[in-house]
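Before any comments, here is the structure.
Keep in mind that the numbers below use all heavy atoms, side chains included, and drop hydrogens, waters and symmetry copies. Keep in mind it's a predicted model, so treat the numbers as computed, not measured. Chain identifiers are assigned alphabetically (A, B, ...) following the order of the sequence lines, protein sequences preceding nucleic acid strands; residue numbering begins at 1 within each chain.
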Amino acid sequence: MANKVIETTLEKPVRTLGGLDVAYDEESDELVAALSRFDYPSMQHVASHTSRGKTAFPYIPGLFSFRELPAVLPLFAEQDRALWPDVIICDGHGRIHPRRFGLACHLGVLLDWPVTGCAKNHLCGDWEVPAEPRGSWSPVVMDGETIGAALRTQDGVNPIFVSVGNRVTLEEAIEVVLKASPNYRLPETTRAADAAVRAALAKT
DNA sequence: GCGACAG
DNA sequence: ATCTTGTCGC
């Protein structure tokens, strides 16, 4: 499946951005997935919608997509492709993965759509701490190949990990994620999706 | 054998 | 991811 990842420049200018996140309720084995939508590059929040499901796979590092994708896919199946955000930002890695096929790649290949990975923590690969200023980044290398970047989205905060999911270049992924993170460590897309899943899970 | 390990 | 008090810093 990793061979099906297409690492190319975006085909059209980005006008909308999407963000994904999932929240769980261990007690009921229920989970909620959310897709947030933003105008780009204005980063004005347009809307967020959620989908409920049942946990059916445990969390295993390296097999993350098998846990979250079943809950995420319905968010796209319910919509016309023309309404999908131009670029989707996942809350997990893309090519930064032992088999170079993380959640963002898996979703990107299944949808055949531009997707970028954006994780809060390191999974694999060697990297150096980037310079302090916002926008600084350093490559994440594995087997001599650059598979992603450690990106500083705000001065002095810990870097986040950006990597190609599908149909974008690493440089484009870094630019989009940085512009989507004007005020906080995480992209507005991820923050909005996170707020949506928590709110939905709260009223259960 | 030992350490690392997205959410 | 989720739980959960106090604490440090702007």
Side-chain angles (χ1 to χ4, degrees), chain A residues 1-2 5 19-36 50-73 75 88-110 115-129 132-134 137 139-143 146-151 153-166 170 173-174 177 181-187 189-204:
Chain A
M1 290 284 282
V5 172
L20 291 172
D21 194 23
V22 177
Y24 304 83
D25 180 42
E26 289 186 15
E27 306 304 304
S28 63
D29 260 20
E30 292 179 303
L31 57 79
V32 176
L35 170 64
S36 64
T50 59
S51 174
R52 310 187 74 91
K54 202 83 172 179
T55 303
F57 198 89
Y59 167 65
I60 300 174
L63 300 181
F64 189 45
S65 60
F66 294 99
R67 177 173 174 78
E68 295 211 337
L69 282 193
V72 166
L73 293 177
L75 292 169
I88 299 163
I89 299 178
C90 281
D91 66 320
H93 295 292
R95 302 202 71 191
I96 296 178
H97 181 275
R99 298 265 98 83
R100 310 220 346 266
F101 197 68
L103 171 70
C105 293
H106 206 149
L107 178 66
V109 168
L110 290 183
V115 176
T116 167
C118 180
K120 294 178 285 296
N121 299 292
H122 165 76
L123 172 61
C124 63
D126 302 315
W127 59 287
E128 303 287 308
V129 176
E132 292 299 311
R134 159 184 157 80
W137 64 274
V140 173
V141 181
M142 185 181 226
D143 299 325
T146 294
I147 57 177
L151 173 67
T153 53
Q154 299 296 324
D155 293 355
V157 303
N158 290 324
I160 58 176
F161 299 84
V162 179
S163 57
V164 171
N166 195 34
L170 177 59
I174 291 173
V177 170
S181 314
N183 302 129
Y184 299 92
R185 178 184 179 229
L186 300 180
T189 42
T190 300
R191 289 164 49 78
D194 181 69
V197 291
R198 295 199 186 203
L201 206 55
K203 55 178 183 180
T204 300

Next on the checklist: With heavy-atom distances below 4.5 Å as the criterion, would you say the side chains of A:L123 and A:P98 are in contact?
Outcome noted: yes
Checklist entry - In terms of ring plane angle, is the pair A:F161 and A:W127 parallel, tilted or perpendicular, where the classes change at 30° and 60°? => result perpendicular
Checklist entry - Would A:R185 and A:K120 count as a side chain to side chain contact (heavy atoms under 4.5 Å, CB included) if you check the C-alpha gap in whole Å, the side-chain angles of each, and the deciding distance to 0.1 Å? => result CA-CA 9 Å; A:R185 178 184 179 229; A:K120 294 178 285 296; 4.0 Å; yes
Just to be sure I understand the rule, does [X] reach a base, reach only the sugar-phosphate, or reach nothing, if contact means heavy atoms closer than 4.0 Å?
{"X": "A:L103", "result": "base"}
{"X": "A:H97", "result": "base"}
{"X": "A:G62", "result": "base"}
{"X": "A:L20", "result": "nothing"}

Between [N] ([atom2]) and [X] ([atom1]): distance, integer Å:
{"X": "A:D155", "N": "C:dG9", "atom1": "CG", "atom2": "P", "result": "18 Å"}
{"X": "A:I147", "N": "B:dA6", "atom1": "CD1", "atom2": "P", "result": "14 Å"}
{"X": "A:H122", "N": "B:dC5", "atom1": "NE2", "atom2": "C1'", "result": "9 Å"}
{"X": "A:R100", "N": "B:dA6", "atom1": "CZ", "atom2": "C1'", "result": "17 Å"}
{"X": "A:W127", "N": "B:dA6", "atom1": "CH2", "atom2": "C1'", "result": "14 Å"}
{"X": "A:M142", "N": "B:dC5", "atom1": "CE", "atom2": "C1'", "result": "12 Å"}
{"X": "A:L69", "N": "B:dA6", "atom1": "CG", "atom2": "C1'", "result": "13 Å"}
{"X": "A:F64", "N": "B:dA6", "atom1": "CZ", "atom2": "C1'", "result": "6 Å"}

Checklist entry - Is the shortest side-chain N/O distance from A:N121 to OP1 or OP2 of B:dG7 below 4.0 Å? => result yes
Next on the checklist: Using the rule given for side chain to side chain contact (heavy atoms under 4.5 Å, CB included), can you reason through A:E68 versus A:D91, listing the C-alpha separation, both sets of side-chain angles and the distance that settles it, and then say yes or no?
Outcome noted: CA-CA 10 Å; A:E68 295 211 337; A:D91 66 320; 3.6 Å; yes
Checklist entry - Do A:V109 and A:F101 pass the side chain to side chain contact (heavy atoms under 4.5 Å, CB included) test, and can you show the C-alpha distance, the side-chain angles, and the key distance before you say yes or no? => result CA-CA 10 Å; A:V109 168; A:F101 197 68; 3.8 Å; yes
Next on the checklist: Between A:V72 and A:L103, does the side chain to side chain contact (heavy atoms under 4.5 Å, CB included) criterion hold? Intermediate values first, please.
Outcome noted: CA-CA 11 Å; A:V72 166; A:L103 171 70; 5.9 Å; no
Can you tell me how far the [atom1] atom of [X] sits from the [atom2] atom of [Y], to the nearest 0.5 Å?
{"X": "A:C118", "Y": "A:I174", "atom1": "SG", "atom2": "CD1", "result": "11.0 Å"}
{"X": "A:E30", "Y": "A:R52", "atom1": "CD", "atom2": "CZ", "result": "5.5 Å"}
{"X": "A:N121", "Y": "A:I96", "atom1": "CG", "atom2": "CD1", "result": "11.5 Å"}
{"X": "A:H97", "Y": "A:S163", "atom1": "NE2", "atom2": "OG", "result": "10.5 Å"}
{"X": "A:L186", "Y": "A:D194", "atom1": "CG", "atom2": "CG", "result": "8.5 Å"}

Checklist entry - Can you list the stems that DNA chain C is part of, where a stem is at least 3 pairs in a row, each Watson-Crick or G-U, with both distances below 3.5 Å? => result none
Please produce a list of atom pairs where a protein N or O lies less than 3.5 Å from an N or O of nucleotides 1-8 of chain C.
| from | atom 1 | to | atom 2 | distance (Å) |
| --- | --- | --- | --- | --- |
| C:dA1 | OP2 | A:K120 | NZ | 3.1 |
| C:dT2 | OP1 | A:Y24 | N | 3.4 |

Checklist entry - Name the one of A:F66, A:F64, A:Y24 that satisfies ring-ring contact (aromatic ring centres under 6.0 Å, His included) with A:F57? => result A:F66
Checklist entry - Any stems for DNA chain B, made of 3 or more Watson-Crick or G-U pairs in a row, each with both distances under 3.5 Å? => result none
Next on the checklist: Is A:Y59 stacked against the base of B:dG7, taking the criterion as centroid distance under 5.5 angstrom and interplanar angle under 30°?
Outcome noted: yes
